[in-house]
Protein chains: 2
Amino acid sequence: MVRWTREELDAWPSRKRARTVNSLSGFKSATLVGSVDMNGVHNLSVVSSVVHLGSNPAQMGMVLRPPGDDAHTYKNLMATGQCTFSHIGVDWVAKAHQCSARYPADVSEFDAVGLTPCGTDEGWKAPAVSEARVRMGLTLAEDMVLPNRCHFMVLDVQWVEVDEQALAKDGYVDLGKAKTAAVSGLDGYHDTRHLGRLSYAKTDRDVDVLEDVLKGWPDVE
Amino acid sequence: MVRWTREELDAWPSRKRARTVNSLSGFKSATLVGSVDMNGVHNLSVVSSVVHLGSNPAQMGMVLRPPGDDAHTYKNLMATGQCTFSHIGVDWVAKAHQCSARYPADVSEFDAVGLTPCGTDEGWKAPAVSEARVRMGLTLAEDMVLPNRCHFMVLDVQWVEVDEQALAKDGYVDLGKAKTAAVSGLDGYHDTRHLGRLSYAKTDRDVDVLEDVLKGWPDVE
(Lines give C-alpha, C1' and ligand atoms only; values in the text may rest on other atoms or scores of the structure.)
Protein backbone atom coordinates (compact mmCIF):
# COMPACT_ATOMS: atom_id res chain seq x y z
CA MET A 1 0.00 0.00 0.00
CA VAL A 2 1.11 3.55 -0.69
CA ARG A 3 0.15 6.13 1.91
CA TRP A 4 -0.39 9.86 1.54
CA THR A 5 -1.26 12.45 4.15
CA ARG A 6 -3.52 15.39 3.52
CA GLU A 7 -0.45 17.65 3.37
CA GLU A 8 1.14 15.46 0.70
CA LEU A 9 -2.06 15.41 -1.38
CA ASP A 10 -2.37 19.20 -1.07
CA ALA A 11 1.10 19.57 -2.63
CA TRP A 12 0.29 17.49 -5.74
CA PRO A 13 -0.39 19.01 -9.16
CA SER A 14 -4.12 19.76 -9.22
CA ARG A 15 -5.09 17.51 -12.17
CA LYS A 16 -3.32 14.49 -10.69
CA ARG A 17 -4.87 15.12 -7.28
CA ALA A 18 -8.30 15.43 -8.92
CA ARG A 19 -7.84 12.08 -10.68
CA THR A 20 -6.86 10.33 -7.44
CA VAL A 21 -9.40 11.91 -5.10
CA ASN A 22 -12.22 11.39 -7.62
CA SER A 23 -11.31 7.68 -7.57
CA LEU A 24 -11.36 7.37 -3.77
CA SER A 25 -15.12 7.57 -3.31
CA GLY A 26 -15.55 4.18 -5.04
CA PHE A 27 -17.85 3.35 -7.93
CA LYS A 28 -20.24 6.10 -8.85
CA SER A 29 -23.55 6.34 -10.62
CA ALA A 30 -23.41 7.27 -14.31
CA THR A 31 -26.21 9.70 -14.96
CA LEU A 32 -27.19 12.15 -17.67
CA VAL A 33 -29.09 15.05 -16.15
CA GLY A 34 -31.61 16.53 -18.58
CA SER A 35 -32.98 20.04 -18.28
CA VAL A 36 -34.44 22.83 -20.41
CA ASP A 37 -33.92 26.59 -20.42
CA MET A 38 -36.59 29.29 -20.65
CA ASN A 39 -36.14 29.35 -24.45
CA GLY A 40 -36.90 25.66 -24.71
CA VAL A 41 -33.29 24.61 -25.46
CA HIS A 42 -32.55 21.14 -24.08
CA ASN A 43 -29.44 20.41 -22.01
CA LEU A 44 -27.69 17.19 -20.96
CA SER A 45 -24.81 16.95 -18.52
CA VAL A 46 -22.88 14.00 -17.09
CA VAL A 47 -23.17 13.76 -13.31
CA SER A 48 -21.49 11.06 -11.21
CA SER A 49 -22.63 12.35 -7.82
CA VAL A 50 -26.24 11.16 -7.74
CA VAL A 51 -27.08 9.64 -4.37
CA HIS A 52 -30.22 8.04 -2.93
CA LEU A 53 -31.70 10.07 -0.07
CA GLY A 54 -34.91 8.28 0.82
CA SER A 55 -37.79 6.25 -0.54
CA ASN A 56 -40.68 7.72 1.46
CA PRO A 57 -40.93 10.19 -0.17
CA ALA A 58 -38.66 9.15 -3.05
CA GLN A 59 -35.78 11.64 -3.04
CA MET A 60 -32.39 11.85 -4.73
CA GLY A 61 -29.48 14.20 -4.20
CA MET A 62 -26.72 15.38 -6.51
CA VAL A 63 -23.65 17.53 -6.08
CA LEU A 64 -23.14 20.36 -8.59
CA ARG A 65 -19.94 22.43 -8.86
CA PRO A 66 -20.04 26.08 -7.75
CA PRO A 67 -22.30 27.67 -10.39
CA GLY A 68 -20.35 29.64 -13.01
CA ASP A 69 -21.18 30.92 -16.49
CA ASP A 70 -21.38 27.37 -17.89
CA ALA A 71 -23.66 26.02 -15.16
CA HIS A 72 -26.50 25.22 -17.57
CA THR A 73 -27.94 22.42 -15.44
CA TYR A 74 -27.99 24.54 -12.28
CA LYS A 75 -29.49 27.55 -14.03
CA ASN A 76 -32.16 25.49 -15.79
CA LEU A 77 -33.06 23.66 -12.59
CA MET A 78 -33.40 26.94 -10.70
CA ALA A 79 -35.44 28.51 -13.53
CA THR A 80 -37.83 25.62 -14.23
CA GLY A 81 -37.71 23.55 -11.04
CA GLN A 82 -37.37 20.37 -13.12
CA CYS A 83 -34.69 17.96 -14.30
CA THR A 84 -34.44 14.31 -15.33
CA PHE A 85 -31.98 11.50 -14.53
CA SER A 86 -31.22 8.93 -17.26
CA HIS A 87 -28.90 6.02 -16.49
CA ILE A 88 -25.98 5.99 -18.93
CA GLY A 89 -25.94 2.67 -20.84
CA VAL A 90 -22.80 0.55 -21.25
CA ASP A 91 -23.47 0.54 -25.01
CA TRP A 92 -23.43 4.34 -25.39
CA VAL A 93 -20.93 5.63 -22.84
CA ALA A 94 -18.92 7.59 -25.43
CA LYS A 95 -21.98 9.56 -26.55
CA ALA A 96 -22.82 10.26 -22.93
CA HIS A 97 -19.25 11.32 -22.06
CA GLN A 98 -19.26 13.72 -25.04
CA CYS A 99 -22.09 15.61 -23.28
CA SER A 100 -19.47 16.83 -20.77
CA ALA A 101 -17.89 19.07 -23.46
CA ARG A 102 -18.58 22.79 -23.04
CA TYR A 103 -21.25 23.34 -25.67
CA PRO A 104 -22.75 26.86 -25.85
CA ALA A 105 -26.07 27.41 -24.08
CA ASP A 106 -28.01 27.50 -27.38
CA VAL A 107 -26.79 24.02 -28.43
CA SER A 108 -28.75 20.93 -27.38
CA GLU A 109 -26.42 18.12 -26.35
CA PHE A 110 -29.05 15.69 -27.67
CA ASP A 111 -28.44 17.05 -31.20
CA ALA A 112 -24.68 17.44 -30.72
CA VAL A 113 -24.02 13.84 -29.64
CA GLY A 114 -26.96 12.01 -31.22
CA LEU A 115 -29.27 11.05 -28.37
CA THR A 116 -33.08 11.18 -28.41
CA PRO A 117 -35.15 13.31 -26.03
CA CYS A 118 -38.29 11.80 -24.48
CA GLY A 119 -40.58 12.16 -21.50
CA THR A 120 -41.85 15.68 -22.18
CA ASP A 121 -45.54 16.63 -22.40
CA GLU A 122 -47.84 19.51 -21.51
CA GLY A 123 -46.90 19.42 -17.86
CA TRP A 124 -43.30 18.20 -18.01
CA LYS A 125 -40.67 20.18 -19.92
CA ALA A 126 -37.31 18.64 -18.92
CA PRO A 127 -36.22 15.98 -21.46
CA ALA A 128 -35.00 12.49 -20.53
CA VAL A 129 -32.93 10.18 -22.76
CA SER A 130 -34.88 7.66 -24.84
CA GLU A 131 -31.85 5.33 -25.09
CA ALA A 132 -31.73 4.92 -21.26
CA ARG A 133 -33.45 1.91 -19.68
CA VAL A 134 -33.94 3.67 -16.35
CA ARG A 135 -35.00 7.31 -16.26
CA MET A 136 -37.00 9.61 -14.03
CA GLY A 137 -38.30 13.15 -13.67
CA LEU A 138 -37.46 15.17 -10.56
CA THR A 139 -38.38 18.53 -9.06
CA LEU A 140 -36.20 20.74 -6.88
CA ALA A 141 -36.90 20.43 -3.15
CA GLU A 142 -33.87 22.25 -1.73
CA ASP A 143 -30.62 23.88 -2.85
CA MET A 144 -27.97 23.52 -0.10
CA VAL A 145 -24.57 25.20 -0.30
CA LEU A 146 -21.68 23.02 0.89
CA PRO A 147 -18.56 24.33 2.67
CA ASN A 148 -16.55 24.11 -0.58
CA ARG A 149 -19.21 26.17 -2.43
CA CYS A 150 -20.52 23.17 -4.33
CA HIS A 151 -24.30 22.81 -4.21
CA PHE A 152 -26.15 19.77 -2.92
CA MET A 153 -29.45 19.60 -4.75
CA VAL A 154 -32.28 17.73 -3.02
CA LEU A 155 -34.78 16.44 -5.59
CA ASP A 156 -38.23 14.82 -5.38
CA VAL A 157 -38.88 11.94 -7.79
CA GLN A 158 -42.08 12.71 -9.75
CA TRP A 159 -42.14 9.87 -12.29
CA VAL A 160 -40.06 6.82 -13.12
CA GLU A 161 -39.66 4.67 -16.25
CA VAL A 162 -37.84 1.32 -16.01
CA ASP A 163 -37.25 -1.43 -18.58
CA GLU A 164 -39.49 -4.23 -17.29
CA GLN A 165 -36.82 -6.80 -18.26
CA ALA A 166 -34.73 -5.42 -15.39
CA LEU A 167 -37.48 -5.45 -12.76
CA ALA A 168 -37.71 -8.17 -10.09
CA LYS A 169 -40.99 -9.09 -8.47
CA ASP A 170 -39.92 -7.70 -5.10
CA GLY A 171 -39.17 -4.25 -6.54
CA TYR A 172 -35.39 -4.61 -7.01
CA VAL A 173 -34.09 -3.27 -10.33
CA ASP A 174 -31.22 -5.32 -11.84
CA LEU A 175 -29.01 -2.52 -13.14
CA GLY A 176 -26.92 -5.04 -15.09
CA LYS A 177 -30.02 -6.05 -17.05
CA ALA A 178 -30.80 -2.36 -17.48
CA LYS A 179 -27.26 -1.99 -18.96
CA THR A 180 -26.49 0.82 -16.53
CA ALA A 181 -22.80 1.80 -16.48
CA ALA A 182 -20.72 2.62 -13.40
CA VAL A 183 -18.11 5.41 -13.27
CA SER A 184 -14.74 5.54 -11.54
CA GLY A 185 -12.63 8.63 -11.13
CA LEU A 186 -13.09 11.41 -13.68
CA ASP A 187 -13.17 9.33 -16.83
CA GLY A 188 -13.46 5.56 -16.20
CA TYR A 189 -16.54 3.62 -17.31
CA HIS A 190 -17.43 0.09 -16.24
CA ASP A 191 -19.82 -2.73 -17.01
CA THR A 192 -20.81 -4.93 -14.07
CA ARG A 193 -21.14 -8.60 -13.15
CA HIS A 194 -23.76 -9.45 -10.54
CA LEU A 195 -22.26 -11.20 -7.51
CA GLY A 196 -25.68 -11.73 -5.93
CA ARG A 197 -28.16 -10.19 -3.59
CA LEU A 198 -27.64 -10.80 0.11
CA SER A 199 -30.31 -11.34 2.73
CA TYR A 200 -31.12 -8.74 5.41
CA ALA A 201 -28.31 -9.15 7.94
CA LYS A 202 -29.15 -10.42 11.45
CA THR A 203 -26.76 -10.74 14.37
CA ASP A 204 -27.68 -14.37 15.07
CA ARG A 205 -27.08 -15.90 11.64
CA ASP A 206 -24.88 -15.60 8.56
CA VAL A 207 -26.13 -13.77 5.48
CA ASP A 208 -27.64 -15.86 2.67
CA VAL A 209 -27.67 -15.34 -1.04
CA LEU A 210 -31.24 -14.63 -2.19
CA GLU A 211 -31.34 -17.69 -4.46
CA ASP A 212 -34.84 -17.18 -5.75
CA VAL A 213 -33.77 -13.98 -7.38
CA LEU A 214 -30.47 -15.25 -8.73
CA LYS A 215 -31.66 -18.55 -10.26
CA GLY A 216 -34.24 -16.97 -12.52
CA TRP A 217 -35.62 -13.49 -12.64
CA PRO A 218 -39.36 -13.46 -12.03
CA ASP A 219 -41.66 -11.63 -14.38
CA VAL A 220 -43.06 -8.29 -13.47
CA GLU A 221 -46.13 -8.55 -11.26
CA MET B 1 -40.83 0.39 -20.13
CA VAL B 2 -43.07 0.45 -17.10
CA ARG B 3 -43.98 3.90 -15.77
CA TRP B 4 -44.94 4.98 -12.26
CA THR B 5 -45.95 8.37 -10.98
CA ARG B 6 -45.01 9.68 -7.57
CA GLU B 7 -48.57 9.00 -6.38
CA GLU B 8 -48.36 5.37 -7.50
CA LEU B 9 -44.99 4.88 -5.78
CA ASP B 10 -46.35 6.46 -2.59
CA ALA B 11 -49.11 3.82 -2.52
CA TRP B 12 -46.71 0.83 -2.72
CA PRO B 13 -45.83 -1.34 0.30
CA SER B 14 -42.87 0.36 1.94
CA ARG B 15 -40.31 -2.48 1.56
CA LYS B 16 -41.02 -2.85 -2.15
CA ARG B 17 -40.83 0.90 -2.68
CA ALA B 18 -37.53 0.99 -0.78
CA ARG B 19 -36.09 -1.76 -3.00
CA THR B 20 -37.08 0.07 -6.18
CA VAL B 21 -36.15 3.61 -5.18
CA ASN B 22 -32.81 2.44 -3.77
CA SER B 23 -32.09 0.95 -7.21
CA LEU B 24 -32.93 4.12 -9.13
CA SER B 25 -29.85 6.12 -8.15
CA GLY B 26 -27.63 3.75 -10.19
CA PHE B 27 -24.51 1.98 -9.00
CA LYS B 28 -23.31 3.02 -5.57
CA SER B 29 -20.05 2.94 -3.72
CA ALA B 30 -19.57 0.00 -1.34
CA THR B 31 -17.95 1.37 1.79
CA LEU B 32 -17.38 0.21 5.34
CA VAL B 33 -17.31 3.21 7.64
CA GLY B 34 -15.06 2.62 10.67
CA SER B 35 -15.39 4.53 13.92
CA VAL B 36 -14.69 4.19 17.64
CA ASP B 37 -16.70 5.14 20.72
CA MET B 38 -15.40 6.88 23.85
CA ASN B 39 -14.81 3.46 25.48
CA GLY B 40 -12.55 2.39 22.63
CA VAL B 41 -15.07 -0.05 21.07
CA HIS B 42 -14.67 -0.27 17.29
CA ASN B 43 -17.64 0.00 14.93
CA LEU B 44 -18.12 -0.82 11.24
CA SER B 45 -21.19 0.02 9.18
CA VAL B 46 -22.05 -0.48 5.51
CA VAL B 47 -22.71 2.80 3.71
CA SER B 48 -23.62 3.07 0.02
CA SER B 49 -24.07 6.84 -0.06
CA VAL B 50 -20.45 8.02 -0.15
CA VAL B 51 -19.99 10.78 -2.72
CA HIS B 52 -16.99 12.80 -3.90
CA LEU B 53 -17.31 16.50 -3.01
CA GLY B 54 -14.00 18.00 -4.08
CA SER B 55 -10.30 17.39 -4.44
CA ASN B 56 -8.91 20.74 -3.29
CA PRO B 57 -9.26 20.22 -0.40
CA ALA B 58 -10.05 16.50 -0.61
CA GLN B 59 -13.59 16.11 0.72
CA MET B 60 -16.18 13.34 0.75
CA GLY B 61 -19.81 13.33 1.75
CA MET B 62 -22.09 10.60 3.04
CA VAL B 63 -25.77 10.38 3.87
CA LEU B 64 -26.70 8.90 7.26
CA ARG B 65 -30.26 8.00 8.30
CA PRO B 66 -31.98 10.14 10.97
CA PRO B 67 -29.95 9.32 14.10
CA GLY B 68 -31.74 6.90 16.42
CA ASP B 69 -30.61 4.65 19.27
CA ASP B 70 -28.61 2.42 16.91
CA ALA B 71 -26.79 5.27 15.18
CA HIS B 72 -23.36 4.12 16.30
CA THR B 73 -21.52 5.66 13.35
CA TYR B 74 -23.20 9.04 13.78
CA LYS B 75 -22.66 9.10 17.55
CA ASN B 76 -19.02 8.04 17.25
CA LEU B 77 -18.32 10.58 14.52
CA MET B 78 -19.88 13.37 16.59
CA ALA B 79 -17.98 12.28 19.72
CA THR B 80 -14.53 11.75 18.20
CA GLY B 81 -14.64 13.78 14.99
CA GLN B 82 -13.08 10.85 13.09
CA CYS B 83 -14.10 8.00 10.82
CA THR B 84 -12.57 5.87 8.07
CA PHE B 85 -13.77 4.67 4.67
CA SER B 86 -12.65 1.22 3.48
CA HIS B 87 -13.69 -0.01 0.02
CA ILE B 88 -15.57 -3.31 0.28
CA GLY B 89 -13.72 -5.98 -1.73
CA VAL B 90 -15.48 -8.28 -4.20
CA ASP B 91 -13.89 -11.25 -2.37
CA TRP B 92 -15.38 -10.39 1.05
CA VAL B 93 -18.78 -8.83 0.35
CA ALA B 94 -20.64 -11.26 2.64
CA LYS B 95 -18.47 -10.34 5.65
CA ALA B 96 -19.00 -6.68 4.88
CA HIS B 97 -22.77 -7.07 4.44
CA GLN B 98 -22.95 -8.87 7.81
CA CYS B 99 -21.74 -5.61 9.42
CA SER B 100 -25.19 -4.16 8.65
CA ALA B 101 -26.75 -6.40 11.33
CA ARG B 102 -27.79 -4.58 14.52
CA TYR B 103 -24.98 -5.56 16.86
CA PRO B 104 -25.09 -4.00 20.35
CA ALA B 105 -22.88 -0.93 20.94
CA ASP B 106 -20.35 -2.95 22.98
CA VAL B 107 -19.71 -5.45 20.15
CA SER B 108 -17.00 -4.72 17.57
CA GLU B 109 -18.18 -5.68 14.08
CA PHE B 110 -14.52 -6.49 13.28
CA ASP B 111 -14.67 -9.34 15.84
CA ALA B 112 -18.22 -10.35 14.96
CA VAL B 113 -17.62 -10.83 11.22
CA GLY B 114 -13.88 -11.53 11.13
CA LEU B 115 -12.24 -8.44 9.66
CA THR B 116 -8.96 -6.88 10.82
CA PRO B 117 -8.67 -3.32 12.15
CA CYS B 118 -5.74 -1.18 11.00
CA GLY B 119 -4.68 2.43 10.62
CA THR B 120 -4.83 3.46 14.27
CA ASP B 121 -1.95 5.07 16.16
CA GLU B 122 -1.37 7.68 18.87
CA GLY B 123 -3.10 10.41 16.91
CA TRP B 124 -5.72 8.43 14.99
CA LYS B 125 -8.30 6.32 16.82
CA ALA B 126 -10.86 5.32 14.14
CA PRO B 127 -10.05 1.87 12.71
CA ALA B 128 -9.92 1.07 8.99
CA VAL B 129 -10.20 -2.40 7.42
CA SER B 130 -6.91 -4.18 6.70
CA GLU B 131 -8.53 -6.37 3.99
CA ALA B 132 -9.48 -3.28 1.94
CA ARG B 133 -7.17 -2.15 -0.88
CA VAL B 134 -8.36 1.45 -0.72
CA ARG B 135 -8.96 3.11 2.64
CA MET B 136 -8.76 6.56 4.18
CA GLY B 137 -9.17 8.52 7.39
CA LEU B 138 -11.56 11.47 7.53
CA THR B 139 -12.54 14.18 9.99
CA LEU B 140 -15.93 15.83 10.33
CA ALA B 141 -16.18 19.23 8.61
CA GLU B 142 -19.95 19.77 8.73
CA ASP B 143 -23.15 17.99 9.75
CA MET B 144 -26.04 19.14 7.53
CA VAL B 145 -29.65 18.11 8.15
CA LEU B 146 -31.59 17.25 4.97
CA PRO B 147 -35.34 17.92 4.47
CA ASN B 148 -36.13 14.23 5.18
CA ARG B 149 -34.17 14.38 8.49
CA CYS B 150 -31.27 12.34 7.10
CA HIS B 151 -27.87 13.89 7.75
CA PHE B 152 -25.34 14.80 5.06
CA MET B 153 -21.90 14.54 6.63
CA VAL B 154 -19.13 16.60 5.00
CA LEU B 155 -15.73 15.02 5.70
CA ASP B 156 -12.13 16.10 5.14
CA VAL B 157 -9.72 13.40 3.92
CA GLN B 158 -6.74 13.28 6.30
CA TRP B 159 -4.84 10.26 5.01
CA VAL B 160 -5.18 7.72 2.20
CA GLU B 161 -3.80 4.21 1.64
CA VAL B 162 -4.09 2.60 -1.81
CA ASP B 163 -2.80 -0.69 -3.22
CA GLU B 164 -0.05 0.46 -5.59
CA GLN B 165 -1.06 -2.27 -8.08
CA ALA B 166 -4.21 -0.24 -8.71
CA LEU B 167 -2.51 3.12 -9.16
CA ALA B 168 -1.92 4.66 -12.60
CA LYS B 169 0.89 7.12 -13.24
CA ASP B 170 -1.50 9.99 -13.81
CA GLY B 171 -3.19 9.53 -10.41
CA TYR B 172 -6.21 7.47 -11.53
CA VAL B 173 -6.99 4.50 -9.28
CA ASP B 174 -8.26 1.40 -11.13
CA LEU B 175 -10.98 0.25 -8.75
CA GLY B 176 -11.25 -3.06 -10.61
CA LYS B 177 -7.61 -3.79 -9.78
CA ALA B 178 -8.33 -2.70 -6.21
CA LYS B 179 -11.16 -5.30 -6.20
CA THR B 180 -13.64 -2.65 -5.07
CA ALA B 181 -17.28 -3.82 -5.23
CA ALA B 182 -20.25 -1.78 -6.43
CA VAL B 183 -23.69 -1.86 -4.81
CA SER B 184 -27.16 -1.73 -6.36
CA GLY B 185 -30.38 -1.27 -4.46
CA LEU B 186 -30.42 -2.38 -0.85
CA ASP B 187 -28.66 -5.70 -1.20
CA GLY B 188 -27.04 -6.23 -4.63
CA TYR B 189 -23.24 -6.52 -4.98
CA HIS B 190 -21.32 -6.34 -8.24
CA ASP B 191 -17.88 -6.91 -9.67
CA THR B 192 -16.89 -4.68 -12.60
CA ARG B 193 -15.36 -4.89 -16.06
CA HIS B 194 -13.41 -1.85 -17.23
CA LEU B 195 -14.82 -0.41 -20.47
CA GLY B 196 -12.05 2.18 -20.72
CA ARG B 197 -11.14 5.69 -19.76
CA LEU B 198 -12.33 8.44 -22.05
CA SER B 199 -10.48 11.62 -22.95
CA TYR B 200 -11.55 15.03 -21.68
CA ALA B 201 -14.50 15.93 -23.91
CA LYS B 202 -14.19 18.88 -26.32
CA THR B 203 -16.93 20.32 -28.51
CA ASP B 204 -14.82 20.18 -31.70
CA ARG B 205 -13.82 16.51 -31.65
CA ASP B 206 -15.04 13.08 -30.62
CA VAL B 207 -13.87 11.51 -27.36
CA ASP B 208 -10.96 9.07 -27.52
CA VAL B 209 -10.18 6.05 -25.42
CA LEU B 210 -7.04 6.74 -23.36
CA GLU B 211 -5.12 3.86 -24.96
CA ASP B 212 -1.93 4.33 -23.00
CA VAL B 213 -3.75 3.50 -19.82
CA LEU B 214 -5.74 0.57 -21.18
CA LYS B 215 -2.95 -1.27 -22.99
CA GLY B 216 -0.73 -1.60 -19.94
CA TRP B 217 -0.91 -0.04 -16.55
CA PRO B 218 2.18 2.05 -15.78
CA ASP B 219 4.06 1.61 -12.55
CA VAL B 220 3.72 4.04 -9.72
CA GLU B 221 5.90 7.12 -10.19
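In the text below, chain A, chain B and the rest are named by the order of the sequence lines, each starting its count at 1.
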**Student:** Quick check: do A:R19 and B:R197 have side-chain heavy atoms less than 4.5 Å from each other?
**Tutor:** yes
**Student:** B:C150, B:A30, B:P13, B:A18: which one forms the most heavy-atom pairs within less than 4.5 Å of chain A?
**Tutor:**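 Between B:C150, B:A30, B:P13, B:A18, the count favours B:A18.
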**Student:** Show, in sequence, the C-alpha distance, side-chain angles and deciding distance for A:H190 and B:L195, and conclude whether the side chain to side chain contact (heavy atoms under 4.5 Å, CB included) test is met.
**Tutor:** CA-CA 5 Å; A:H190 303 256; B:L195 294 169; 5.5 Å; no
**Student:** For B:V145, is it the side chain, the backbone, both, or neither that has a heavy atom closer than 4.5 Å to a heavy atom of chain A?
**Tutor:** backbone
**Student:** Considering only heavy atoms from C-beta outward, does the side chain of A:L146 approach that of B:M144 to under 4.5 Å?
**Tutor:**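 Side chain of A:L146 against side chain of B:M144, heavy atoms only: contact under 4.5 Å found.
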**Student:** Please look at A:A96 and chain B and tell me whether the side chain, the backbone, both or neither of the residue comes under 4.5 angstrom of a heavy atom of that chain.
**Tutor:**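 No part of it gets close to chain B.
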**Student:** Checking the side chain of B:H194 only, and the main-chain atoms of A:D191 only, is there a donor and an acceptor separated by less than 3.5 Å?
**Tutor:** no
**Student:** I'd like to know which of A:V207, A:V51, A:V50 tops the heavy-atom pair count under 4.5 Å against chain B.
**Tutor:** A:V207
**Student:** Return the option, out of A:S100, A:C99, A:S199, A:A112, with the maximum number of heavy-atom pairs under 4.5 Å with chain B.
**Tutor:**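 The residue among A:S100, A:C99, A:S199, A:A112 with the greatest pair count is A:S199.
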**Student:** Select one option (side chain, backbone, both, neither) describing which atoms of B:V46 are under 4.5 Å from chain A's heavy atoms.
**Tutor:**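 B:V46 has no heavy atom closer than 4.5 Å to chain A.
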**Student:** Shorter than 4.5 Å, heavy atoms on both sides: which option in A:L186, A:D156, A:D206 has the most such pairs with chain B?
**Tutor:**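 Highest number of heavy-atom pairs under 4.5 Å: A:D156.
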**Student:** Between A:V162, A:L53, A:V63, which has the largest tally of heavy atom pairs under 4.5 Å with chain B?
**Tutor:** A:V162
**Student:** Are A:R3 and B:W159 in a cation-pi setup, meaning NZ or CZ lies under 6.0 angstrom from the ring centre and within 45 degrees of the ring axis?
**Tutor:**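 Relative to the ring axis of B:W159, which defines the angle, A:R3 lies inside both limits.
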**Student:** Out of B:R133, B:H87, B:M62, which one racks up the most heavy-atom pairs below 4.5 Å with chain A?
**Tutor:**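 Result: the option with the highest number of such pairs is B:H87.
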**Student:** Could you pull out the closest heavy-atom pair between B:G171 and A:K16, with the gap in Å?
**Tutor:** CA-CG, 3.9 Å
**Student:** Between A:S25 and B:H52, what is the shortest heavy-atom contact and its length?
**Tutor:**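 What the structure gives for the nearest pair is OG-CB, 3.6 Å.
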**Student:** Looking at every heavy atom in both A:M1 and B:D163, which two are closest together, and how far apart are they?
**Tutor:**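 Minimum heavy-atom contact is SD-N, 3.5 Å.
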**Student:** Does B:R65 CZ have over 12 foreign heavy atoms under 6.0 Å away?
**Tutor:** no
**Student:** What are the two closest heavy atoms between A:T203 and B:A101, and how far apart are they?
**Tutor:** N-CB, 3.6 Å
**Student:** Quick check for you: to the nearest 0.5 Å, what is the distance between A:M136 atom CE and B:W4 atom CH2?
**Tutor:**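 Between atom CE of A:M136 and atom CH2 of B:W4 there are 10.0 Å.
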**Student:** Which one, A:S49, A:G176, A:G61, A:S184, leads in non-hydrogen pairs under 4.5 Å with chain B?
**Tutor:** A:S184
**Student:** For the residue pair A:M60 and B:L24, establish whether any side-chain heavy-atom pair is separated by less than 4.5 Å.
**Tutor:** yes
**Student:** Nearest 0.5 Å, please: how far is CG in B:D10 from CG in A:N56?
**Tutor:**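 That separation rounds to 6.5 Å.
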**Student:** What part of B:Y189 gets closer than 4.5 Å to chain A, counting heavy atoms only: side chain, backbone, both or neither?
**Tutor:**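 When you check distances to chain A, atoms from both the backbone and side chain of B:Y189 fall under 4.5 Å.
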**Student:** Let me know if A:Y103 has heavy atoms under 4.5 Å from chain B in its side chain, its backbone, both or neither.
**Tutor:** both
**Student:** Find out whether B:S23 and A:Y172 are in side-chain contact, i.e. whether some heavy atom of one side chain is under 4.5 Å from a heavy atom of the other.
**Tutor:** yes
**Student:** Where does A:H97 contact chain B at under 4.5 Å (heavy atoms): side chain, backbone, both or neither?
**Tutor:**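 Both parts, backbone and side chain.
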**Student:** Out of the candidates A:V21, A:L9, A:T20, only one should pair with B:V160 under the side chain to side chain contact (heavy atoms under 4.5 Å, CB included) rule; please name it.
**Tutor:**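 The single option meeting the side chain to side chain contact (heavy atoms under 4.5 Å, CB included) with B:V160 is A:L9.
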**Student:** Closest heavy-atom contact between B:F27 and A:A181?
**Tutor:** CD1-O, 3.7 Å
**Student:** Please classify the contact of A:L175 with chain B as side chain, backbone, both or neither, using a heavy-atom distance under 4.5 Å.
**Tutor:** both
**Student:** Pick whichever of A:N22, A:V157, A:V134, A:T180 has the most heavy-atom pairs under 4.5 Å with chain B.
**Tutor:**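 Of the options given, most contacts go to A:N22.
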**Student:** Using side-chain heavy atoms (C-beta onward) and a distance below 4.5 Å, is B:Y200 in contact with A:R15?
**Tutor:**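 When only atoms from C-beta onward are counted, A:R15 and B:Y200 do touch, with a gap below 4.5 Å.
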**Student:** Is A:A141 close to chain B through its backbone or its side chain, or both, or neither, when contacts mean heavy atoms under 4.5 Å?
**Tutor:** neither
**Student:** Below 4.5 Å from any heavy atom of chain B, which atoms of A:R205 appear? Answer side chain, backbone, both or neither.
**Tutor:** backbone
**Student:** A side-chain contact here means heavy atoms from C-beta on lying under 4.5 Å apart; do B:K202 and A:Q98 qualify?
**Tutor:**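 When only atoms from C-beta onward are counted, A:Q98 and B:K202 do not touch, as no gap falls below 4.5 Å.
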